[in-house]
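Starting from 1, each residue takes its place in the sequence as its number.
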Amino acid sequence: MRILMKRLSLKDAKPGTPPPWQVLLLVSSYLEPKTLAMASCVSRSWQSLMSSDDVWQNICYTLYPSLSNLKHTNPSVPYHRMYAMASSVARRRLKAPIKPRLSLDNLVFAINISALCPNKTNKSRPILNIAKPAREFALVHNEVLKLDIVNGNYEFPVSTFEGERVKVMWNIMLNDWKAVFTMMECEGKVNFDGCRWDGWFSQELPLPGCCSVADTSTSAGLVADVKLVLSSKEPSRISGGGTDIRISKLSLGMLNIRHWSYVSLDYGLRYLEHFLARDL
């Protein structure tokens, strides 16, 4: 520093004379990004110097190494602009997500489950058909979107259930019935272990704004999840067809397939807002 000062003859500089640009460039390498931004507001010459790539290149590579690849794709973009974009994204990631406008009080869950008749095309027999406010169902945990819909309160004749395949439909509506979103419409198999049937059904959910999941590129990384358990009051008589079958358990949820965990309640409600509550 002393050598540089002598070379620039700062001793002979008059009071009030702006420091040479070489000194500013040297000093700028020790400044934080926020200070650099403030210094660039002093004058046009300072703005030109404090915004130069010579100043910001090392800052970008140190804090955001991935920006080096972006510079190669478009060399005309200055480093200070790239830093501003990267820091803005970083702040958004750290920002706590906003609370959803929807709540369970705004929603109605409609569940329809039918037994598919074997060897009969398009023939089915209803097992369960309910539509109730979401608040009437029990959250398995207050932090995640997973609800117990039925807990042993529904029965149907064993003769209704001739095979092992069922059709599951799950719709979510606003309580004023102005909008509806289909979470699941699929067919699947339930497995019988001698005393009960167990079925686990899932279907990929679309990205917000998409209406089809036929293309896997439109997947949101989320699936609608339904678990069904059927049992009999008298397991020994199931095969004889002389008793009723009870829906022991039916639970619904939204699953993140990247982490294999149920999403939080707030996350699930924010997702549903894209389809149900755009005008709220």
Side-chain angles (χ1 to χ4, degrees), residues 96-114 126-156 165-175 177 179-191 193 196-208 210 213 216 218-231 245-277 280:
I98 61 175
K99 296 292 290 183
R101 293 170 295 169
L102 275 180
S103 71
L104 291 180
D105 295 326
N106 303 125
L107 304 177
V108 174
F109 281 19
I111 318 297
N112 180 277
I113 300 178
S114 302
I127 292 177
L128 176 68
N129 190 5
I130 59 174
K132 290 185 177 182
R135 278 295 183 190
E136 293 189 14
F137 304 124
L139 278 172
V140 175
H141 193 286
N142 288 334
E143 299 297 326
V144 298
L145 185 55
K146 186 174 185 293
L147 300 94
D148 279 335
I149 304 300
V150 176
N151 190 12
N153 296 324
Y154 294 84
E155 299 179 358
F156 57 92
R165 297 187 63 79
V166 298
K167 182 176 182 179
V168 179
M169 294 185 64
W170 171 18
N171 291 295
I172 298 180
M173 294 87 70
L174 292 179
N175 52 14
W177 296 81
V180 60
F181 177 60
T182 299
M183 292 286 289
M184 178 182 293
E185 183 175 359
C186 69
E187 298 178 6
K189 185 177 181 180
V190 291
N191 299 310
D193 62 4
R196 73 177 195 177
W197 291 267
D198 291 279
W200 186 9
F201 310 90
S202 63
Q203 189 168 38
E204 283 193 78
L205 295 170
L207 283 169
C210 298
V213 294
T216 56
T218 63
S219 171
L222 302 173
V223 297
D225 175 80
V226 175
K227 293 181 180 179
L228 174 67
V229 178
L230 307 175
S231 61
I245 295 179
R246 180 176 66 250
I247 300 179
S248 301
K249 184 176 182 180
L250 176 63
S251 61
L252 310 178
M254 187 183 295
L255 192 67
N256 185 321
I257 57 177
R258 295 189 178 96
H259 305 291
W260 287 111
S261 61
Y262 289 99
V263 303
S264 68
L265 180 59
D266 283 354
Y267 185 98
L269 291 173
R270 281 194 297 271
Y271 174 82
L272 292 173
E273 281 180 4
H274 293 281
F275 303 95
L276 296 175
L280 284 182

Results of side-chain hydrogen bond (donor to acceptor under 3.5 Å, both in side chains) for [X] - residues two or more places apart only:
{"X": "Asn171", "result": "Thr182"}
{"X": "Tyr271", "result": "none"}
{"X": "Asn112", "result": "Ser114"}

Exercise for the section: Answer yes or no: is there a donor N or O on one side and an acceptor on the other, between the side chain of Glu187 and the main chain of Arg165, under 3.5 Å? Expected result: no

Practice task
Would you check if the side chain of Asn175 reaches a backbone N or O of Asp105 as a donor-acceptor pair within less than 3.5 Å?
Solution key: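 Confirmed, Asn175 side chain pairs with Asp105 backbone.
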
Exercise for the section: Check His274 against Pro208 and note the closest heavy-atom contact, atom names and distance. Expected result: CG-CB, 3.4 Å

Problem - Steps toward side chain to side chain contact (heavy atoms under 4.5 Å, CB included) verdict (Leu276, Leu107) - result: CA-CA 9 Å; Leu276 296 175; Leu107 304 177; 3.9 Å; yes

Would you please name every residue forming a side-chain contact (heavy atoms from CB on, under 4.5 Å) with [X], sequence neighbours left out?
{"X": "Ala224", "value": "Trp170, Met183, Met184, Leu205"}
{"X": "Asn191", "value": "Lys189"}
{"X": "Val229", "value": "Arg196, Asp198, Ser248, Lys249"}

Practice task
Kindly indicate, with the supporting measurements, whether the criterion side chain to side chain contact (heavy atoms under 4.5 Å, CB included) is fulfilled by Tyr262 and Asp225.
Solution key: CA-CA 9 Å; Tyr262 289 99; Asp225 175 80; 2.7 Å; yes

Problem - Inter-residue atom distance Asn129.CG - Ile111.CD1, 0.5 Å rounding - result: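 Answer for the CG-CD1 pair, Asn129 versus Ile111, is 9.5 Å.
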
Practice task
Tell me, with the steps shown, if Leu145 and Tyr267 meet side chain to side chain contact (heavy atoms under 4.5 Å, CB included).
Solution key: CA-CA 8 Å; Leu145 185 55; Tyr267 185 98; over 6 Å; no

